[in-house]
Number of protein chains: 2
Amino acid sequence: MNLEQIAKLSGVSRSTVSRVINNDPNVSVATREKVMQVVKRVNYTPNAAARGLAAGRTHVLGLVIPMGVAALFTDPYFPILIQGVSSACNAREYSVMLWLAEPEYERRQIRQIMYSGLVDGVIVSSMLMNDSLVQALSDGDLPFMLVGRHPTDTHANYVDADNIGGAREAVTHLLRLGRARVATITGPQNMIAGADRLAGYQAALRDRGLLSDPGLIAEGDFTEAGGYRAMQQLLARRPDAVFAASDIMALGAIRALREAGLRVPEDVAIVGFDDLPQSTRAEPPLTTVRQPTYRLGTTTVDSLLDLIEYPDSSPRRIVLPTELVVRASCGSALK
Amino acid sequence: MNLEQIAKLSGVSRSTVSRVINNDPNVSVATREKVMQVVKRVNYTPNAAARGLAAGRTHVLGLVIPMGVAALFTDPYFPILIQGVSSACNAREYSVMLWLAEPEYERRQIRQIMYSGLVDGVIVSSMLMNDSLVQALSDGDLPFMLVGRHPTDTHANYVDADNIGGAREAVTHLLRLGRARVATITGPQNMIAGADRLAGYQAALRDRGLLSDPGLIAEGDFTEAGGYRAMQQLLARRPDAVFAASDIMALGAIRALREAGLRVPEDVAIVGFDDLPQSTRAEPPLTTVRQPTYRLGTTTVDSLLDLIEYPDSSPRRIVLPTELVVRASCGSALK
DNA sequence: CCAAGATGTGGGAGCGCTCCCAAGGACGGG
DNA sequence: CCCGTCCTTGGGAGCGCTCCCACATCTTGG
């Protein structure tokens with residue numbers, strides 16, 4: 001079923017049907033009504049390929065998620081991000097093309113994403129410090145948005161959670177509770193979120209005029225096992241509090257502390273980051289920094305569509321606030 | 001950059017370039033070489049929309065995941081399934097269009113999926129017993145595959161994990177260990193996997209000539225809280241073992257048992273289903289049934305592409321085996 | 001009452017590709 | 001030596017849509 005046939009059935013021209021379909025105001029009410037009825041009756045849907053070809057707009061957005069990162073789908077960050085992106089696209093009548101970026105197909109994927117004309121714009125969940133896709137997008141002219149800010153490419157538009165602010169608030173909370181030796185288990189330092197959360201930790205110390213002790217900083221990798229190992233390393237320095245850059249690492253840290261015969265939060269207070277569903281049920285329930293992952297997705301879509309429509313307007317850099325969720329592991333209740 | 005321009009640059013016709021791009025054998029080696037060089041040099045990628053329009057093949061597969069189900073992205077089933085689908089598509093030079101089916105957009109989405117010509121075929125993760133999309137697909141002629149078998153539509157092709165067999169093996173394992181009152185916490189009975197796992201439980205009992213006691217069956221909802229509640233219900237019937245239809249429910253059950261002062265596995269043995277990453281670290285580590293989620297995804301893609309290429313061949317119904325992973329919670333080590 | 005603008009409609013061109021048919025050249029068998 | 005055949009190449013048509021321009025009709029003001 002195509003435009004021409006709808007036109008014949010409703011006794012108007014192909015052009016008029018097209019106008020009706022696309023909500024062009026230059027159609028009389030009567031004609032619009034007549035055409036709409038036929039469209040409904042035969043359950044007509046315009047051919048997306050033809051539309052894309054003729055108009056240069058496909059009404060499809062690309063979503064690129066790097067698969068290089070190890071423990072990728074273990075935590076629900078990406079699933080929820082995907083959900084946010086997808087929902088926002090649904091609401092705006094867009095579809096989502098999902099590419100999980102695998103290194104072995106990288107070159108082909110980049111070409112495909114950028115030059116095949118499949119999508120009107122791309123959302124890239126940029127985790128790594130230098131990403132060849134981001135590089136290619138910067139050099140090209142396909143509209144794109146990053147989820148997660150990009151440290152080097154100052155040209156790129158992004159939406160990000162306030163990782164620095166969230167980490168700073170978490171650490172400040174520990175310091176206010178009277179903890180003196182606050183350690184941190186960081187994320188990988190080649191990931192932007194990892195670096196930012198460490199920066200927030202350091203900022204909180206600086207705020208109170210404290211020096212950051214390198215011995216109290218251990219690098220993890222956003223996995224449970226990594227948190228466990230990092231905590232074991234830190235044990236020798238006798239911290240009385242730990243800010244873990246992710247909940248899953250906080251859980252690993254708690255396991256290490258327990259094995260060492262230390263109590264949480266009495267001996268060592270813990271704060272995580274992410275607010276996983278399981279963190280509520282942890283023993284003890286985890287104090288953590290919640291980030292608005294779903295809204296990250298919806299906001300990015302909105303910004304990208306805006307960018308597509310008004311390409312020349314000012315840069316889009318949005319930082320969404322995080323929220324400290326106080327439970328038992330930080331020892332607030334001890335006071 | 002389009003075909004015509006490549007043709008001019010390499011001194012041949014549009015048709016010949018097209019043939020080179022599409023690996024048509026009817027091109028001399030010399031010509032192919034010459035064209036390929038130009039293609040490489042200018043980094044040409046054919047326009048997907050034009051291709052789709054002209055050839056009727058888009059090289060895009062749709063992946064539909066229902067959002068109706070509540071605790072959807074809490075467990076990594078869907079993320080891993082998506083990964084499998086995406087990887088297989090990458091390997092075959094296909095792209096993935098992801099639709100998270102939200103009820104409020106259902107009608108529009110179904111139309112779009114089926115008639116817009118965006119995709120060559122669809123993969124539907126069919127969880128529910130009756131799904132209007134599956135109905136529509138059955139009536140239409142777009143090639144599709146289900147992940148998860150469909151009980152009523154006998155026409156549909158699917159790939160599924162052996163839920164019945166896995167559950168049966170798990171329960172048989174408990175019975176072999178000498179447990180006499182084996183209860184089960186089921187998934188929602190309007191989900192096919194939920195029903196199948198219960199069927200496996202009952203089959204295991206039947207195998208040993210035992211009657212299934214309705215008092216030992218409690219319906220959960222695949223969430224931790226649901227498992228907890230179901231276990232509390234079961235407590236009165238004094239089971240000495242529980243087969244939970246998902247790990248997350250098993251975790252809830254363990255919490256309920258602990259609160260009731262019962263030991264796992266000494267007093268009550270537990271087996272779960274799914275093999276979540278966290279199940280290894282549970283206290284005690286969870287015995288569980290592992291399903292090949294990733295392979296479910298890749299296998300479905302392979303079957304769908306085969307179906308697209310050979311539409312008239314025999315029905316495709318693939319059931320992938322599960323695997324019992326024995327850890328501590330079933331009490332095997334107690335013997 | 002007519003020019004000039006607003007309003008609504010129709011048809012041609014063209015988006016970039018694939019598919020089909022035709023044609024040119026090389027080649028070999030009768 | 002000619003014709004049929006195979007191999008390779010070129011060009012036309014058309015996929016289903018949008019966009020633009022042209023034209024018909026209707027309004028309105030001087």
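Letters A, B, ... mirror the listed sequences (proteins, then strands); counts begin at 1.
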Just N and O in the side chain of S13(A): are any of them under 4.0 Å from OP1 or OP2 of dG10(C)? yes

What's the CE-C1' distance between M1(A) and dC17(D), to the nearest Å? 16 Å

Nearest to the A55(A) side chain among dC19(D), dC17(C), dC17(D), which nucleotide is it? dC19(D)

To the nearest angstrom, how far is L3(B) atom CG from dG14(C) atom C1'? 16 Å

Considering only heavy atoms and no angle criterion, is a donor-acceptor pair shorter than 3.5 Å present between the side chain of R14(A) and the base of dT18(D)? yes

Out of dG10(C), dG12(D), dC17(C), which has the shortest distance to the side chain of N2(B)? dC17(C)

Are side-chain N/O atoms of S125(A) and Y77(A) paired as donor and acceptor at under 3.5 Å? no

Could you list by number each residue of residues 108-120 of chain A showing a heavy-atom separation from DNA chain D of less than 4.0 Å, or answer none if no residue does? none

When all nucleic acid strands are considered with a 4.0 Å heavy-atom cut-off, which category describes T16(A): base, sugar-phosphate, or nothing? sugar-phosphate

Send over the distance from R51(A) CZ to dC17(C) P, rounded to a whole Å. 21 Å

Pair R316(A)-S303(A), side-chain donor/acceptor within less than 3.5 Å: no

Strictly below 4.0 Å, heavy-atom distances to any atom of DNA chain C: list the hits from residues 17-32 of chain A, or just say none. R19(A), N26(A), V27(A), S28(A), T31(A)

Expected output: side-chain N2(A) to main-chain E4(A) donor-acceptor under 3.5 Å: yes

Looking at Y44(B), I'd like to know whether one of its side-chain N or O atoms comes within less than 4.0 Å of OP1 or OP2 on dC17(C). yes

Round to the nearest Å and state the distance from H59(A) atom NE2 to dT18(D) atom C1'. 12 Å

